[in-house]
Engineer: 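Following this message is one structure expressed as structure tokens.
To find a chain, count down the sequence lines: A is the first, B the second, and so on, and within it residues start at 1.
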There are 2 protein chains.
Amino acid sequence: MEAVIKQERNLCITHILPIRDALDILSGKWKIPIIVALCVHKRRFKELHRDVQGITAKMLSKELKELELNKLVKRTVHDTSPVTVEYSITEYGHSLTPVINELRDWGMKHRDKIIYHPEEA
Amino acid sequence: MEAVIKQERNLCITHILPIRDALDILSGKWKIPIIVALCVHKRRFKELHRDVQGITAKMLSKELKELELNKLVKRTVHDTSPVTVEYSITEYGHSLTPVINELRDWGMKHRDKIIYHPEEA
DNA sequence: CCGTATCCAGAACGATACTG
DNA sequence: CAGTATCGTTCTGGATACGG
């Protein structure tokens, strides 16, 4: 075994690569908000456009494409006229729930302590 | 109560703002890797430079500054000659451990399923 | 309705050289 | 040792107009 993982106390240890993988998939301004919106219920493009506040159609389209390629989101085209497209979270996408919950918990617990946001500098 | 949080099953629900807060603090290519490195043990600048593979001194310096402003990392100057500077994780920084663990767990469990990385396109 | 194409500004990131 | 300054590139995200 090349890399031995030491699990001492509650320390966060080595194995940075899987963390980077996760971060890569979730990177960007909109991926998590889109996933959160879709966790509530499946959505059409325009509905998502309203739900995810501030996003442009271009970014929504682009982010959905990446999420779909990563199998986190499923795109279903209904052959009505005009076409309706439905986006839903996959089981795989759902497996992100613990991560998102931890992020939200941390964000809520420590919101008051936040002193500095890079983008406000 | 303005926003009622519904906790049905294991869905990830509304309250996107705390998630965004967390994401803002942890955004960028290097924050989490730096925190992970510092969770193992306190480090001097040059040691960190080696530990966090691929980072430049400029980015390391900039990211450490932001992490320090957010009280996730503590910077201690020892008045030796030449000066030595020591970076360590704070208790507050340590509170990120569950988040990082979830990220790593997800990344490890699902690494094989990763099909598309934006940056490889 | 569901997007795409084009153009563009600014931020993020990196290489290199330099300082106290 | 512990950074900063400068410059250049790449990536991100937004505005607007258009297409199936």
Side-chain angles (χ1 to χ4, degrees), chain A residues 16 20-21 23-35 37-38 41-70 73-88 116-121, chain B residues 16 19-20 23-35 37-38 41-70 73-88 116-121:
Chain A
I16 192 71
R20 297 229 58 131
D21 288 338
L23 254 27
D24 286 345
I25 291 178
L26 304 176
S27 71
K29 196 172 171 180
W30 302 112
K31 297 236 177 55
I32 301 262
I34 290 170
I35 291 170
L38 285 178
H41 34 47
K42 49 177 63 170
R43 283 317 221 175
R44 304 246 297 275
F45 187 86
K46 195 167 195 182
E47 293 173 318
L48 261 182
H49 197 2
R50 267 190 287 103
D51 289 351
V52 182
Q53 301 235 340
I55 196 169
T56 60
K58 170 190 163 185
M59 290 311 295
L60 181 54
S61 172
K62 182 180 150 244
E63 301 286 77
L64 281 170
K65 229 173 267 174
E66 290 182 10
L67 291 171
E68 199 193 349
L69 280 164
N70 276 321
V73 162
K74 181 151 164 275
R75 180 178 187 269
T76 314
V77 180
H78 298 286
D79 200 8
T80 54
S81 172
V83 277
T84 57
V85 181
E86 201 170 65
Y87 293 94
S88 55
Y116 175 73
H117 287 235
E119 71 279 12
E120 290 169 6
Chain B
I16 192 72
I19 300 178
R20 298 229 57 128
L23 253 26
D24 286 345
I25 291 178
L26 304 175
S27 71
K29 196 172 171 181
W30 301 111
K31 298 234 177 56
I32 300 260
I34 290 170
I35 291 170
L38 285 177
H41 33 48
K42 50 177 64 173
R43 282 318 219 175
R44 306 246 295 274
F45 187 87
K46 192 166 196 181
E47 293 174 318
L48 262 182
H49 197 3
R50 268 189 287 103
D51 289 351
V52 182
Q53 300 232 343
I55 196 169
T56 60
K58 171 190 161 185
M59 290 311 295
L60 182 55
S61 171
K62 181 181 150 244
E63 301 285 77
L64 282 170
K65 233 173 262 175
E66 290 182 10
L67 291 171
E68 198 195 350
L69 281 163
N70 276 321
V73 162
K74 182 151 163 273
R75 181 178 185 268
T76 314
V77 180
H78 298 286
D79 200 7
T80 54
S81 172
V83 277
T84 59
V85 180
E86 202 171 65
Y87 292 93
S88 55
Y116 175 74
H117 287 234
E119 72 279 12
E120 289 168 8

Engineer: Considering non-hydrogen atoms only, spot the tightest contact between A:R43 and A:D51 and give its length.
Structural biologist: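 Looking at all heavy atoms of both residues, the closest pair is NE-OD2, 2.7 Å.
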Engineer: It should be established whether B:T84 places a side-chain nitrogen or oxygen under 4.0 Å from OP1 or OP2 of nucleotide D:dA2.
Structural biologist: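 Checking D:dA2 against B:T84, no side-chain N or O comes under 4.0 Å of OP1 or OP2.
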Engineer: For C:dC2, take OP1 and OP2 only and decide whether either is under 4.0 Å from a side-chain N or O of A:R44.
Structural biologist: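 Yes, within the criterion.
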Engineer: Does a side-chain N or O from B:K65 land closer than 4.0 Å to OP1 or OP2 of D:dT4, or not?
Structural biologist: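 Affirmative; the distance criterion is met.
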Engineer: Rounded to the nearest angstrom, tell me the gap between atom CG in B:D24 and atom C1' in C:dA12.
Structural biologist: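 Rounded to the whole Å, the gap is 15 Å.
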Engineer: Could you state the CD-C1' distance from B:E66 to D:dG3, rounded to the nearest angstrom?
Structural biologist: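 Whole-Å distance recorded here is 16 Å.
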Engineer: Distance check needed: D:dG3 P versus B:E47 CD, whole Å only.
Structural biologist: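 It is 13 Å, rounded to the nearest whole Å.
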Engineer: Under 4.0 Å: is that the gap between some side-chain N or O of A:R75 and OP1 or OP2 of C:dG3?
Structural biologist: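 For C:dG3, OP1/OP2 do have a side-chain N/O of A:R75 under 4.0 Å.
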Engineer: Can you see which heavy atom on A:V73 is nearest to which on A:Y87, and at what distance?
Structural biologist: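 For A:V73 versus A:Y87, the nearest heavy atoms are CG1-CD2, 4.0 Å.
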Engineer: Without decimals, in angstroms, what is the distance between B:K29 NZ and C:dG14 P?
Structural biologist: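 Going from B:K29 (NZ) to C:dG14 (P), I get 4 Å.
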Engineer: Start at the 5' end of DNA chain C and walk down; is the nucleotide closest to B:W30 or to B:A57 reached first?
Structural biologist: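 Its nearest nucleotide lies further toward 5', so the answer is B:W30.
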Engineer: Considering only heavy atoms from C-beta outward, does the side chain of A:L48 approach that of A:L64 to under 4.5 Å?
Structural biologist: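 A:L48 reaches A:L64 side chain to side chain.
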Engineer: Considering only heavy atoms from C-beta outward, does the side chain of A:E66 approach that of A:E63 to under 4.5 Å?
Structural biologist: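 They are in contact (side-chain heavy atoms under 4.5 Å apart), so the answer is yes.
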Engineer: Without decimals, in angstroms, what is the distance between B:M59 CE and C:dA12 C1'?
Structural biologist: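 Going from B:M59 (CE) to C:dA12 (C1'), I get 6 Å.
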Engineer: Check whether any side-chain nitrogen or oxygen of B:Y87 sits under 4.0 Å from OP1 or OP2 of D:dG3, and answer yes or no.
Structural biologist: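 For B:Y87, the contact criterion (side-chain N or O under 4.0 Å from OP1 or OP2 of D:dG3) is met.
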Engineer: Over how many whole Å does the gap from B:K62 atom NZ to D:dA5 atom P extend?
Structural biologist: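 In whole Å, D:dA5 P lies 15 Å from B:K62 NZ.
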Engineer: Measure the distance from CD on A:E63 to P on D:dG13 and round it to the nearest whole Å.
Structural biologist: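 Distance check: A:E63 CD to D:dG13 P gives 6 Å.
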Engineer: Taking only the side-chain heavy atoms of A:T56 (C-beta and beyond), determine which of C:dG14, C:dC1, D:dA15 contains the nearest atom.
Structural biologist: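 From the listed options, D:dA15 comes nearest.
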Engineer: Considering only side-chain heavy atoms of A:F45, which listed nucleotide, C:dC13, D:dG3, C:dG3, is closest?
Structural biologist: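 Nearest to the side-chain atoms of A:F45, counting from C-beta on, is C:dG3.
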Engineer: In whole Å, what is the span from the CZ atom of B:R50 to the P atom of D:dG3?
Structural biologist: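 Atom CZ in B:R50 sits about 15 Å away from atom P in D:dG3.
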Engineer: If you look at every heavy atom in A:P33 and B:I16, which pair is closest and at what distance?
Structural biologist: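 Heavy-atom minimum between the residues: CA-CD1, 3.5 Å.
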Engineer: As a test of reading the structure: which of C:dG3, D:dT4, C:dC1 is closest to the side chain of A:P82, going by heavy atoms?
Structural biologist: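 From the listed options, C:dC1 comes nearest.
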Engineer: Is the shortest side-chain N/O distance from B:K46 to OP1 or OP2 of D:dC1 below 4.0 Å?
Structural biologist: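 Yes, because at least one side-chain N or O of B:K46 sits under 4.0 Å from OP1 or OP2 of D:dC1.
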